[in-house]
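Notes follow the structure.
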Amino acid sequence: MPAEKAIPVAKPASKPGDVKIEQKLEGVIQEEKPVANKITVGHVHMSGCTGCLVSLADNYEGLFKILDDYADLVYALTLVDVRHVPEMDVALVEGSVCIQDEMAVEEIKETRRKAKVVVALGACASYGNITRFCRGGQWNQPQHESYLPIGDIIDVDVTLPGCPPGPQSIRNVCVMAYLLLQGTDEQKALAAAYLTPLMNLAKRGTEACGCDLMYDVINQGLCMGCGTCAATCPVRAITMVYGKPQVDRDLCIKCGACYAQCPRSFFNFDVINEFESITELIGAAMGQGGE
Ligand code: SF4
Ligand code: SF4
């Protein structure tokens, strides 16, 4: 049973653990819709801007496909008239938690108790992001001064960074959660392969910064100068200097996207080698060619 945590919790930085994908995953895409039972999904809105929910909605007809075939949306204060956190298979949690707001702290703990899988959706839930800079002192709640990523208060199963995460990545997590909970053994294994890096990211901790590139990629001799980190940064805090990223820390909003997108950060080959099968499976699930 996932545990609640004391507040605040200082977490040591650690490398993500490797989750071995042992099964050979060939020829598993046989049907478009393998099982009938939908999973239940909720959107839990903490101290976020609703941009992550908008990104989910930016799947357009893909969202309808998910709601038609794979998931019932049982909780989302922006969209659904349900006032209290219900039991659900997957909770997509957006925003960090103001620990001076008792209702917010109770809601995130309630979410952990009610959800089988908790997803930290977006940079605020995952790492605090822009709310890391909150200092309180503003009318009409000047005492609201400390905001923590949800992983400092509850156990998180999947971390999906981004400010916001891309529509496709949210869609993929929903489809893969469905396959993990309702699919065949082979589909469960493939879904686990997809989710493994994001589960490893959840284990890695709740602090993020452009300096992760320095400590965990460049200083490890891993950077190959591809520039993905600079292309990813939502505030253009990264420039490539002599083929290596240089971070303007005064611009960095601590979203964690650069490290998460860096191809030398944490993906292992067991997962990368299944990329084609995974994209084909998602494409089949969405009624498209793979993308
Ligand atoms: S994404 Fe990673 S490998 Fe590519 S330039 Fe940035 S730090 Fe280097
Ligand atoms: S450098 Fe940019 S992408 Fe990296 S954590 Fe800072 S704001 Fe996010």
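As the structure lists them, so they are numbered: ligands from 1, and atoms in each ligand from 1.
Salt-bridge formation is not detected for the pair Asp216/Arg264: no Lys NZ or Arg NE/NH1/NH2 atom is positioned less than 4.0 Å from an Asp or Glu carboxylate oxygen. With salt bridges taken as basic N to acidic carboxylate O contacts below 4.0 Å, none links Glu106 and Lys109.
Taking all atoms of both residues into account, the shortest heavy-atom contact from Asn129 to Cys163 is ND2-SG, 3.3 Å.
With hydrogens left out, the protein atom closest to atom 8 (Fe) of ligand 2 is Cys255 SG, 2.3 Å, a heavy atom. Of the protein's non-hydrogen atoms, the one nearest atom 2 (Fe) of ligand 2 is Cys233 SG, 2.3 Å. The protein heavy atom nearest to atom 5 (S) of ligand 2 is Gly256 N, 3.3 Å.
Only the side chain of Val235 comes within 4.0 Å of ligand 2, judged by heavy-atom distances. The part of Ile238 lying near ligand 2 is the side chain, judged by heavy-atom distances below 4.0 Å. Within the 4.0 Å heavy-atom criterion, neither part of Ala208 lies near ligand 2.
With a 4.5 Å cut-off on side-chain heavy atoms, Val175 and Asn172 do not count as touching. Proximity of Gln143 to Asp101: side-chain heavy atoms (C-beta onward) are nowhere separated by under 4.5 Å. Contact check for Glu207 versus Arg132: side-chain heavy atoms found under the 4.5 Å cut-off. The closest side-chain heavy-atom distance from Met103 to Glu107 is not below 4.5 Å. Counting only heavy atoms from C-beta outward, the side chains of Leu213 and Cys223 never approach each other to under 4.5 Å. Taking 4.5 Å as the limit, every side-chain heavy atom of Ile66 sits out of range of all side-chain heavy atoms of Tyr178.
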Can I get a per-line list of side-chain donor-acceptor pairs under 3.5 Å for residues 227-241, giving both atom names and the distance, sequence neighbours left out?
residue : atom : partner : partner atom : Å
Thr232  : OG1  : Thr228  : O            : 2.7

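Of all the atoms in ligand 2, the ones that sit under 4.0 Å from a non-hydrogen atom of Cys209 are 5 (S). Atoms of ligand 2 found under 4.0 Å from any heavy atom of Pro234 (numbered from 1 in listed order, with element): 3 (S). Near Gly210, meaning under 4.0 Å from one of its heavy atoms, ligand 2 places the atoms 1 (S), 4 (Fe), 5 (S), 6 (Fe). Short contacts between ligand 2 and Ile253, defined as distances under 4.0 Å to a heavy atom of the residue, involve ligand atoms 6 (Fe), 7 (S). Of all the atoms in ligand 1, the ones that sit under 4.0 Å from a non-hydrogen atom of Met240 are 5 (S). Within ligand 2, counting atoms from 1 as listed, the ones closer than 4.0 Å to a heavy atom of Cys252 are 1 (S), 5 (S), 6 (Fe), 7 (S). Annotation for ligand 1: atoms under 4.0 Å from non-hydrogen atoms of Gly225 are 5 (S), 8 (Fe).
Listed by chain and residue number, nothing satisfies the salt bridge (charged side-chain N to carboxylate O under 4.0 Å, His left out) test with Asp250 (two or more places apart in sequence, or in another chain).
Protein N/O/S atoms nearer than 2.8 Å to atom 2 (Fe) of ligand 1 total 1.
Listed by first and then second residue, the ring-ring contact (aromatic ring centres under 6.0 Å, His included) pairs involving residues 45-64 are His43-His45 (not counting sequence neighbours).
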